[in-house]
Amino acid sequence: MPPSPPDRIPLARIVSPRSVAVIGASDDVGKFGGRVIHYLIKHGYGGRLLPINPNRPAIRGLPAFPGIAAAPGPVDVAILAVPVGLLLREIEACAEAGVGACIVITGKLADAGAEGAAIEARAVAAARAAGMRLVGPNCLGIFNVTDGAMLSSSLALEVETVRAGGIGMVSQSGALMGTLVSLGHRHDAGFSRCVSVGNQADLELCDVLEFLIEDAATSVITLYVEGLKDPARFAPLLLRARAAGKPVLCVKAGRSEAGAQAARSHTASLAGSHAAFAALCRDAGAVLLDDPAAMVLAADALDRLPRLPRAGMGVAVVASSGGSTVTTTDMLADYGLRLGEMGAATRAELRRWMPESHVHLPLDTGSFNDGTSEDGLAACIGAFLRDDDIGSVIVPMTTQPAMAARAAMLPPLAREGGRPLLYVMMAGEVGDAARARLRAAEFPFYDHAAQALAVQRALEQEAQGRGRAVLPPPARPPGLALPAALPQGALTEAEAKRLVAAFGIPVTREALATTAGDAVAAAEAIGFPVAMKGVSRAVVHKSDLGLVKLNLADADAVRAAHAALLAAPVPLEGVLVQEMARGAAELILGARHEPGLGPFVLVGSGGIWVEVLRDVQLAPAPLRPEDARAMLRRLAIWPVLAGARGRPALDTEAAAEALVRLSWLAADLGERLVELDLNPILLRAAGEGCIAVDGRATLA
């Protein structure tokens, strides 16, 4: 009788199994099953290894078994490298045999269409009925570098050894995971556990992220994300990682936001899924990067170098080549970085080694009085690492004598200084001896200035996240309640404004008119001058179609505007007559529910150029007042709002209050909110408030 199915095996036992069966094992390393068993042996797996192959009595000197049922148990993990047509049979056999978990390398399942998805669903059902876990399918398994358990067929394992270190990785792409480990190997980065989750049919990215947060071998976590299976877990786990002192670095696929042009509202085109994911990461203190290679190099720096003391510090660029110092410095602004400003003590130290005229950043050590010397270089770098304004030092090295000896000076300086020192060997193969010295010292290096600057930007973002205060949950303003009856589908401007007005956001006085006489009466009641707009649920940019008439000063102007609006090339539900509100600046406030991530709000430079300027900030809802103020301060238009060049400051507190109230509306509407924007919100002088003069919304 087969053993009883185990309770759900913990992920720690899947990552560090005591016994592994390889189904589809082979002596041929050209096959998936052949490579799996080859790499387990090559990299020193110390547990019981059970090859499964009905056609061979032995594989790689190990007894082979015709099926999993014949293998001596218990089996913690079975690795399946079989054709898709045999997968379900083998999954069911593993479940019957009491295997703890299967790593399914087999692809062409849910990733390949309905037929494959059906097989995948049956495999998951069979596994769950037996209490068996699945990794994958369509994955390349697990690299447990810490324990020498390489449960994978990836060619990244062709190297002699993969260095153990503190970088944990979860990737939805197996091939990319292997590529990133190979890149790390070139730079001598060290990994703890790397898990390819593939289709996430059972175990998913958040499961592995949670494991890595608790894993003592992991000090920094990297994620390649295509889609979240359980998004509600993601942000809380990022916060847990931050509390544990483990930086999380992410690359999210899908940054191009294809299809945004078809969106109905400004907010939908500006706040797509990648922007929402970025806002969620920023809010939780994680670092979002565009380049997976930069993610690994930055993770290595966070693993092996001291961390930035705080965000906002400057950079010192030091080299013996004027060309490399200047070109590297020229690139700082492209990465959102700045040159440091030396304090008095640092300047005094530099004067010991060079003329006063050369005491500045970037530092060209070729200007030393007696030429570049190791003592002078060490003294100057040490001074930079003690300077209150300098958070890190970048050393680009060009071809020169004694490159290896000078490279070897740097690791002790960085460790003593307690700040990052980023070494760039720009000299190609000529610099291999210098790289070897750094490898021996277990110290990172980079081949191009762009790599070092991308890493420095990530270090800055990590410091920003680390320094962000952990605040209490947002407090709900009193008196906010959704209307008893909510409209559905595309809302008109008046309907959208009534909705936000229920949450205390100021809106224009207005009335809907169907005839010219009604329009005149409404204008007289509101008071001239007025604005008039054609009402159409199908139009986003009303001004483009001539559906907005402004500054109508009398009844005749209203009648003429009414006739012109009715002649527009779209059918109208009526004409909206509203007060001619005025303000000193235009903002957009928006909200949407991002599927899988929840409600978000947006604020930015408003008006007709909103999609052109794209000066917007996005954050998960609901907000605290301080969150709303921070979003406003991050806008490019902020100096204008704050009173640049002698202009009076505007009522940013009123804008922040409106944004907070909109965030609670978004939270209350939940999945019913497809998108909403108020554009423009007119911002008046400080103390005079703001007012929404236009709006759109779609409710499910």
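- In this structure, Pro247 and Arg307 have side chains that are in contact, with non-hydrogen atoms separated by less than 4.5 Å.
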Intermediate values then yes/no, salt bridge (charged side-chain N to carboxylate O under 4.0 Å, His left out), Glu214 and Arg240: CA-CA 10 Å; Glu214 303 299 327; Arg240 273 179 58 186; 2.7 Å; yes
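- Between Gly504 and Arg661, the shortest heavy-atom distance links the atoms O-CD, 3.8 Å.
- Put simply, CG on Asp283 and CG on Leu239 are 7.5 Å apart, with the number rounded to the nearest 0.5 Å.
- Between the Gln461 side chain and the Val287 main chain, no donor and acceptor come within less than 3.5 Å of each other.
- The heavy-atom pair separating Glu671 from Ala700 by the smallest distance is O-CB, 4.0 Å.
- Note that CG of Leu676 is 8.0 Å distant from CG of Leu669, once rounded to the nearest 0.5 Å.
- Annotation: side chain of Met313 is not in contact with side chain of Leu459 (no heavy-atom distance under 4.5 Å).
- Using a 4.0 Å cut-off between a side-chain N of Lys or Arg and a carboxylate O of Asp or Glu, Arg633 and Glu626 do not qualify as a salt bridge.
- A heavy-atom distance below 4.5 Å is found between the side chains of Val225 and Gln172.
- Between the Lys246 side chain and the Leu212 main chain, a donor and an acceptor come within less than 3.5 Å of each other.
- Of all the heavy atoms in Ala692 and Lys497, the pair that sits closest is O-CE, 3.7 Å.
- Note that CG of Asp615 is 3.5 Å distant from OG of Ser605, once rounded to the nearest 0.5 Å.
- Using a distance-only test at 3.5 Å, with no hydrogens or angles considered, a donor-acceptor pair links the side chain of Gln200 to the main chain of Gly227.
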Residues Val315, Tyr335; criterion side chain to side chain contact (heavy atoms under 4.5 Å, CB included); working and verdict: CA-CA 12 Å; Val315 176; Tyr335 289 83; over 6 Å; no
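- Arg696 places no side-chain N or O within donor-acceptor distance of the main-chain N or O of Asn679, the cut-off being under 3.5 Å.
- When all heavy atoms are compared, the tightest approach of Gly689 to Asp651 is N-OD2, 2.7 Å.
- Taking the charged nitrogens against the carboxylate oxygens, Arg233 and Asp207 do have a contact shorter than 4.0 Å, which makes a salt bridge.
- Ion pairing of Glu688 with Arg582 is absent here, as no side-chain N (NZ or NE/NH1/NH2) approaches a carboxylate O to less than 4.0 Å.
- Scanning both residues, Val601 and Ala621, for their nearest heavy atoms gives CG1-CB, 4.2 Å.
- The closest donor-acceptor contact from the side chain of Lys252 to the backbone of Phe277 lies at 3.5 Å or more, if one exists at all.
- Taken from CG in Leu589 to CG in Asp677, the straight-line distance is 9.5 Å, to the nearest 0.5 Å.
- To the nearest 0.5 Å, atom CG of residue Leu280 and atom CD of residue Glu594 are 10.5 Å apart.
- A donor-acceptor contact shorter than 3.5 Å links the side chain of Glu460 to the backbone of Gly312.
- Residues Leu682 and Glu586 meet the side-chain proximity criterion, which asks for heavy atoms closer than 4.5 Å.
- Checking side-chain atoms of Thr508 against main-chain N and O of Gln578 turns up no donor-acceptor pair under 3.5 Å.
- At a threshold of 4.5 Å between non-hydrogen side-chain atoms, the residues Arg684 and Ile691 count as touching.
- The shortest side-chain heavy-atom distance between Leu486 and Leu499 falls under the 4.5 Å cut-off.
- Atom CD in Gln451 sits 9.0 Å away from atom CG in Asp291 (nearest 0.5 Å).
- Between Lys533 and Glu510 there is no salt bridge, since none of the side-chain N atoms of the basic residue sits less than 4.0 Å from a carboxylate O of the acidic one.
- No donor-acceptor pair closer than 3.5 Å links the side chain of Lys549 to the backbone N or O of Met532.
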Pair Gln456-Ser392, side chain to side chain donor-acceptor pair (under 3.5 Å): steps then yes or no: CA-CA 8 Å; Gln456 177 63 28; Ser392 61; 2.8 Å; yes
Leu205 and Lys229: CA distance, side-chain angles, deciding distance, side chain to side chain contact (heavy atoms under 4.5 Å, CB included) verdict: CA-CA 8 Å; Leu205 183 142; Lys229 187 176 178 184; over 6 Å; no
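- In this structure, Leu547 and Leu572 have side chains that are in contact, with non-hydrogen atoms separated by less than 4.5 Å.
- Under the 4.5 Å side-chain criterion, counting only non-hydrogen atoms from C-beta, Pro477 is not in contact with Phe503.
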Check against side chain to side chain contact (heavy atoms under 4.5 Å, CB included), Val500 and Leu678: CA-CA 9 Å; Val500 301; Leu678 303 173; 4.1 Å; yes
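- In terms of heavy-atom proximity, Ala591 sits nearest to Leu662 at CB-CG, 4.2 Å.
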Audit row: Glu493, Val535, side chain to side chain contact (heavy atoms under 4.5 Å, CB included) steps and yes/no: CA-CA 7 Å; Glu493 175 183 337; Val535 178; over 6 Å; no
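- At least one donor-acceptor pair under 3.5 Å links the side chain of Arg466 to the backbone N or O of Leu308.
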